Amino acid sequence: MYRVDLNCDLGESFGNYKIGVDEEILAFVTSANIACGFHAGDPAVMHKTVKLAIENEVSIGAHPGLPDLVGFGRRNMNISPEDAYNMVVYQVGALNAFVKAEGGKMQHVKPHGALYNMAAKNQMLAKAIAEAIYKVDSQLILFGLSGSELIKAGENVGLITASEVFADRTYQADGSLTPRVDKDALITNSYDAIKQVIKMVREGSVLCQQGFDIPIKADTICIHGDGVHALAFAEEINKQLEACKINIKNFGNS
């Protein structure tokens with residue numbers, strides 16, 4: 001029996017601006033990556049999302065990003081490793097306070113957007129992020145792009161790591177995600193997205209944009225909570241994974 005964790009980026013509303021359908025989508029995922037106020041989210045949203053995750057028995061992770069609300073944390077910034085370290089410690093600590101206040105326990109950390117993608121290729125940034133997580137809590141699991149520098153850095157520092165794959169993103173030959181500025185970066189057809197997921201889980205490979213299969217490790221699948229059809233897709237991917245005898249189970253419950 002194959003098994004995989006299903007994670008979703010949540011808590012990305014801010015003030016009067018509502019993004020996603022967090023309460024509904026929590027019924028279909030096993031891990032929640034909650035925004036920590038830099039790229040999205042605010043204290044009230046963090047608190048509410050933590051409570052919802054605990055009520056739904058969904059494992060909680062911090063989703064630290066770059067300080068870029070306008071760009072939703074998806075624009076690269078010229079930050080130093082020290083900057084990355086401090087940003088991650090600050091944001092993980094903030095979310096962890098809400099988790100503890102509600103009697104929960106944080107499971108993982110998954111960097112967001114541009115911070116995630118920069119750390120996937122930049123060894124120094126990856127090392128700084130991994131060290132920040134380890135020093136806050138060495139028991140936290142690091143979610144990172146499969147085959148990335150971030151996963152390597154996490155393993156080197158002594159963290160448990162979960163290799164992440166994306167349902168709705170295309171891949172390049174080096175294993176990186178196709179940049180969002182490219183027209184073929186996103187997979188908008190749910191059939192194609194689910195077909196890619198099943199291939200990654202069962203075969204350990206994905207068809208890259210250059211036209212050939214590359215190896216990939218799928219411990220956890222990311223589905224984005226801010227898409228127009230996010231809820232319907234979450235429901236459908238659950239149905240199809242179960243039909244293919246792929247058990248959806250939280251990564252931390254090995």
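Residue numbers run from 1 in the order of the sequence given. In this text the structure is predicted, and so the values were computed from the model without any measurement.
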Within the structure provided, determine whether Ile25 and Leu10 are in side-chain contact (heavy-atom separation under 4.5 Å).
yes

Interatomic distance, CD1@Ile54 vs CG@Leu26, rounded to 0.5 Å, equals 11.0 Å

* To do: Return yes when atom CD of Glu82 has more than 12 non-hydrogen atoms of other residues, nucleotides or ligands closer than 6.0 Å, and no otherwise.
  => no

Report task. Could you tell me whether Gln123 atom CD has more than 12 heavy atoms of other residues or ligands within 6.0 Å of it? Result -> no

Using atom types as modelled and distance alone, determine if a side-chain donor or acceptor of Asn56 lies under 3.5 Å from a backbone N or O of Val58. no

Subject >> Exercise: do Glu164 and Tyr116 side chains pair donor with acceptor under 3.5 Å >> reply: yes

Note to self: Between Phe38 and Tyr90 (judged by ring centroids, cut-off 6.0 Å), do the two rings come close enough to count as a pair?
What the structure shows: yes

**Message:** Looking at Arg74 and Asp68, is any side-chain nitrogen of the basic one under 4.0 Å from a carboxylate oxygen of the acidic one?
**Reply:** no

Rounding to 0.5 Å, atoms CG (Leu145) and SG (Cys222) come to a distance of 10.5 Å

To the nearest 0.5 Å, atom OG1 of Thr161 lies from atom NZ of Lys217 at 6.0 Å

Tested for side-chain hydrogen bond (donor to acceptor under 3.5 Å, both in side chains) against Asn250, the lone hit among Glu57, Arg3, His108, Gln107 is Gln107

dist Thr170:OG1 -> Lys183:NZ (nearest 0.5 Å) comes out at 12.0 Å

Between Asp9 and Lys110, is the closest basic N to carboxylate O distance under 4.0 Å? yes

When rounded to the nearest 0.5 Å, the distance separating CG of Leu150 from CZ of Phe143 is 12.0 Å

Does the distance from a Lys or Arg side-chain N to an Asp or Glu carboxylate O, for Lys152 and Glu149, drop under 4.0 Å?
yes

CG (Asp219) and CG (Asn7) are apart, to the nearest 0.5 Å, by 11.0 Å

| message | Same cluster or not: Leu6 versus Ile187, using hydrophobic residues (I, L, V, M, F, W, Y) connected whenever any side-chain heavy atoms lie under 4.5 Å apart? | response | no

query: Do Val92 and Leu66 belong to the same hydrophobic cluster, where Ile, Leu, Val, Met, Phe, Trp and Tyr are linked whenever their side-chain heavy atoms lie under 4.5 Å apart, directly or via other members?
result: yes

What verdict does the side-chain contact (heavy atoms from CB on, under 4.5 Å) test give for Gln196 and Phe166, after you've listed the backbone C-alpha separation in whole Å, the side-chain angles of each residue and the deciding distance to 0.1 Å? CA-CA 9 Å; Gln196 173 168 285; Phe166 287 77; 5.7 Å; no

Query raised in the report: Does a sphere of radius 6.0 Å around NZ in Lys195 hold more than 12 heavy atoms from other residues, nucleotides or ligands, not counting ones at 6.0 Å or beyond?
Result: no

*asked:* So for atom OH, which belongs to Tyr191, do other residues, nucleotides or ligands contribute more than 12 heavy atoms lying within a distance under 6.0 Å?
replied: no

Ring centroid separation for His112 and Phe72, is it under 6.0 angstrom?
yes

Crowding at CD, Glu23 (>12 non-hydrogen neighbours, <6.0 Å)
no

Answer yes when Glu55 and Lys51 have at least one side-chain N-carboxylate O distance shorter than 4.0 Å, and no when they do not. no

